[in-house]
Every structure is written in C-alpha cells, then in structure tokens.
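Worksheet: one structure, shown below.
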Amino acid sequence: MSSKPAAQIKDFFDLETWTYTYVVYEGNGSPCIIIDSVLNYDPKSGRTSTTSADKVIAFVQAHQLQTSWILETHAHADHLTAAPYLQSHLGGKLVIGDHMTSVQAVFKGVFNLDERFQADGAQFDRLLKEGESLAFGNLSLKALFVPGHTPACMAYEIGDAIFVGDTLFLPDVGSARCDFPGGDATTLYRSIQKILSYPGQTKLYMCHDYPPTDRPAACMTTVADEKASNIHVHDGVTESQFVEMRTARDKTLEMPVLILPSIQVNIRAGHFPEPDANGIAYLKIPLNAL
C-alpha cells in the first residue's frame with residue numbers, strides 16, 4: 001500500500017501586517033495552493049504595492065508550480081488580500097468558506113454599498129462547505145468550519161497539518177479577538193476545541209504571529225503545545241473562563257489600522273470597488289459607525 005505524498009510548505013512573513021502566507025505543494029513542477037496572501041497598502045497615501053505577493057510569485061515560478069487554488073481563511077480585517085493579483089500572474093481559482101455571504105451582507109450594510117455589490121459570494125470562484133475537499137495534484141485539503149473570530153472562518157487540513165487562520169495564535173500570544181461584527185467568544189472556544197481534538201503531533205500553521213520581544217516570529221506550533229501552554233486556552237480553561245477573559249480583553253483593543261480598507265476589498269475577493277467616472281476607485285470611511 002503506497003503512502004500518501006508529503007506536503008511541502010513554504011511560508012512568507014509580511015512584517016508590516018504580521019501575516020503569514022503559505023504555498024503548499026508536493027515538489028518541483030507540481031500543483032500548488034496559496035493561502036492568505038497580502039497586498040501591501042499604505043494607509044497614509046492610499047497606495048497599494050505588491051512586494052509581498054511578488055515574493056510568492058517568484059517562488060511559484062522558480063519551482064515551476066501550477067497554482068490550483070488561492071484560498072482565504074476568512075475576510076481579513078488587518079490586511080488586504082492579493083488574491084486577484086496572484087491569479088492574474090499564476091492562474092488558479094479564488095476560494096473562501098461558504099459563510100462568507102453572511103459577512104458580505106453585514107458589511108454591505110456597514111458601508112452602505114449599492115446594488116453593484118452582491119452579497120452572494122459570486123466574487124469568488126468557489127465557496128467551500130464544512131468537510132468539503134479540494135484536490136491539487138496528489139494532495140488534497142479538507143475544509144474545517146471554525147467560526148468565532150468571524151462568523152465565516154475556515155481552517156484547512158492538509159495531511160498532518162492544519163492552517164488555522166485567526167482561530168489560534170502561538171501559545172505565548174493566545175487567541176484572536178471576537179468583537180468584530182458576527183464574532184462570538186463562545187463560538188471561538190468551541191472552534192478551538194475542535195482543532196485541539198486532533199492528535200497532539202498535528203502541526204498548526206498560523207495566519208499571524210505577534211511575537212514577544214524575546215523571540216523571532218514563528219509560523220507553526222502543535223496541538224500538544226497549544227494544549228499545554230496557550231496563555232488563553234490551555235487544558236483546564238473552561239468555556240466560561242475563556243469567554244470572560246476574551247470579552248474583557250476585547251474591550252481594551254483598538255480597531256486594526258487597516259480594518260476599513262481591508263474589509264471593503266476582501267469582501268470583494270480582493271477586487272477594488274468599481275471606479276468613479278474619473279477612473280479612480282474609492283474606499284468609504286464610515287464615521288462613528290464601528
């Protein structure tokens with residue numbers, strides 16, 4: 001009986017947003033997927049650039065990989081996705097969880113978007129349901145619905161690894177906030193327990209790291225390490241204790257610097273709003289709304 005092929009994982013760290021992007025593939029010349037890309041954005045000037053995405057493109061092309069899927073774990077509030085830019089250079093289909101439509105509906109209201117924006121997920125090529133699989137060459141991923149940080153978060157299981165999005169952080173950082181529209185601390189606790197029910201050696205790949213000053217940024221931990229020492233949700237922390245901690249902590253947090261531009265772009269699968277008559281696309285800033 002032949003063993004399953006091993007996934008190779010290449011991580012890219014965007015220091016401006018503390019975000020990890022991943023390319024997952026079998027070997028040189030194989031199909032690949034890209035998870036949680038970054039489009040660089042300067043909030044002072046409103047100008048975008050592609051420094052982070054170009055590093056991903058260079059790696060994919062250098063290894064002669066064929067891009068099958070470009071995935072998001074959720075509609076990020078702290079960085080813009082570069083998915084359409086990557087797709088224009090590498091091909092592939094844009095993918096997110098099927099609960100994205102509920103996030104689109106909420107923020108269509110927040111930003112008072114007109115009928116040109118449809119909250120039906122059609123901006124993406126594929127909406128994944130819980131338990132659904134996607135193949136890329138001899139490898140495949142399984143979608144895990146892990147809401148709480150947002151109502152539409154997905155994690156992606158590939159072999160002995162899970163790409164957890166913002167569901168968990170490294171043990172000395174803890175867990176993600178739950179005070180965005182549709183977020184819920186009780187739901188997040190249960191999603192975390194879903195991930196921590198996997199075998200202890202299961203590798204967990206983060207979407208972000210915000211390292212303390214005594215260590216460099218890192219992208220991976222294990223279920224066993226999280227259960228032993230996660231500062232927010234280690235073994236023995238009850239649901240009610242977690243909810244109390246998370247709710248109190250969220251009240252002290254400022255909004256992410258890029259939440260307003262990020263959400264407007266990311267609910268469109270990374271596409272910019274339709275340009276005005278002068279050919280320039282504009283983002284909205286709702287005053288006193290969040």
Side-chain angles (χ1 to χ4, degrees), residues 17 19 36-39 41 43 46 48 70-84 94-130 143 145-155 165-167 175-191 207-208 243 246-247 249-278 280-290:
T17 62
T19 303
D36 288 337
S37 62
V38 175
L39 181 70
Y41 177 81
T48 62
I70 301 172
L71 300 109
E72 309 292 343
T73 52
H74 61 291
H76 309 279
D78 46 24
H79 70 274
L80 283 67
T81 176
L94 308 187
V95 182
I96 203 166
D98 65 335
H99 288 262
M100 180 61 183
T101 54
S102 64
V103 174
Q104 289 178 322
V106 167
F107 284 102
K108 181 173 184 174
V110 169
F111 294 109
N112 194 32
L113 303 178
D114 62 28
E115 67 282 353
R116 291 176 294 178
F117 178 79
Q118 296 298 312
D120 59 2
Q123 301 85 353
F124 297 85
D125 298 309
R126 183 77 173 264
L127 300 179
L128 281 183
K129 296 179 170 58
E130 158 75 9
F145 183 44
V146 287
H149 171 59
T150 80
C153 288
M154 280 288 188
D166 284 4
T167 307
S175 60
R177 66 195 299 165
C178 299
D179 59 332
F180 297 150
D184 183 80
T186 298
T187 303
L188 179 62
Y189 180 87
R190 294 172 184 176
S191 292
C207 182
H208 298 286
V243 170
R246 189 69 264 169
T247 302
R249 180 173 172 78
D250 287 350
K251 290 178 180 178
T252 71
L253 300 177
E254 296 181 348
M255 285 288 106
V257 171
L258 299 184
I259 184 171
L260 294 174
S262 293
I263 291 294
Q264 290 179 76
V265 170
N266 293 342
I267 61 175
R268 294 176 166 93
H271 298 287
F272 297 155
E274 291 289 329
D276 280 7
N278 62 359
I280 297 174
Y282 291 86
L283 298 173
K284 291 185 174 184
I285 303 296
L287 299 177
N288 304 314
L290 291 182

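Note: Asp125 CG to Leu94 CG = 4.5 Å, rounded to the nearest 0.5 Å. The structure places NE2 of His271 at 8.0 Å from CD of Gln123, a figure rounded to the nearest 0.5 Å. The CG atom of Leu128 sits 8.0 Å away from atom CG of Asp98, with the distance rounded to the nearest 0.5 Å.
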May I have the step-by-step check of side chain to side chain contact (heavy atoms under 4.5 Å, CB included) for Val265 and Leu39, ending in yes or no? CA-CA 10 Å; Val265 170; Leu39 181 70; 5.6 Å; no

For Met100 and Ile267, what are the C-alpha separation, side-chain angles and deciding distance, and is it a side chain to side chain contact (heavy atoms under 4.5 Å, CB included)? CA-CA 8 Å; Met100 180 61 183; Ile267 61 175; 3.8 Å; yes

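Checked against side-chain hydrogen bond (donor to acceptor under 3.5 Å, both in side chains), Glu72 has the following partners two or more places apart in sequence or in another chain: His76, Thr81. In this view, Arg249 satisfies the side-chain hydrogen bond (donor to acceptor under 3.5 Å, both in side chains) rule with no residue, not counting sequence neighbours. For Arg190, the side-chain contact (heavy atoms from CB on, under 4.5 Å) partners are Thr186, Glu239, not counting sequence neighbours. For Thr150, there are no side-chain hydrogen bond (donor to acceptor under 3.5 Å, both in side chains) partners at least two apart in sequence or on another chain. Remark: Asn278 engages Tyr282 in a side-chain hydrogen bond (donor to acceptor under 3.5 Å, both in side chains) (not counting sequence neighbours). In terms of the side-chain contact (heavy atoms from CB on, under 4.5 Å) criterion, residue partners of Ala119 (sequence neighbours excluded) are, by chain and number, Gln104, Ala105, Phe117. Remark: Glu274 engages no residue in a salt bridge (Lys or Arg N to Asp or Glu O under 4.0 Å) (not counting sequence neighbours).
The shortest heavy-atom contact between Asn266 and Phe124 is O-CZ, 3.7 Å. The shortest heavy-atom contact between Ala269 and Pro84 is O-CG, 3.2 Å. Shown here for Cys207 and Asp166, the closest heavy-atom pair between the two residues is CB-OD1, 3.4 Å. Counting all heavy atoms, side chain and backbone alike, Asp78 lies closest to Thr17 at O-CG2, 3.6 Å. Heavy atoms only, all atoms of each residue included: Gly97 and Leu127 are closest at O-CD2, 4.0 Å. What you find for Phe272 and Ala281 is that their closest heavy atoms are CB-CB, 4.2 Å.
Under the salt bridge (charged side-chain N to carboxylate O under 4.0 Å, His left out) criterion, the residue pairs touching residues 250-269 are Arg246-Asp250, with sequence neighbours excluded. Every pair passing salt bridge (charged side-chain N to carboxylate O under 4.0 Å, His left out) that includes a residue from residues 179-189 is listed here, sequence neighbours excluded: Arg177-Asp179. For residues 94-116, the set of pairs meeting the ring pair (Phe, Tyr, Trp, His ring centres under 6.0 Å) definition, not counting sequence neighbours, comprises His99-Phe145. The salt bridge (charged side-chain N to carboxylate O under 4.0 Å, His left out) analysis of residues 99-124, with sequence neighbours excluded, yields the pairs Asp114-Arg116.
Judged purely by atom type and a 3.5 angstrom limit, Asp36 uses its side chain to pair as donor or acceptor with the backbone of Thr73.
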Pair up each side-chain donor or acceptor in residues 255-264 with any protein partner under 3.5 Å, not counting sequence neighbours, and list the distances.
{"residue": "Ser262", "atom": "OG", "partner": "His79", "partner atom": "N", "Å": "3.2"}
{"residue": "Ser262", "atom": "OG", "partner": "His79", "partner atom": "O", "Å": "3.3"}
{"residue": "Ser262", "atom": "OG", "partner": "Leu258", "partner atom": "O", "Å": "2.7"}
{"residue": "Gln264", "atom": "OE1", "partner": "Lys284", "partner atom": "N", "Å": "2.8"}
{"residue": "Gln264", "atom": "NE2", "partner": "Leu260", "partner atom": "O", "Å": "3.0"}
{"residue": "Gln264", "atom": "NE2", "partner": "Lys284", "partner atom": "O", "Å": "2.6"}

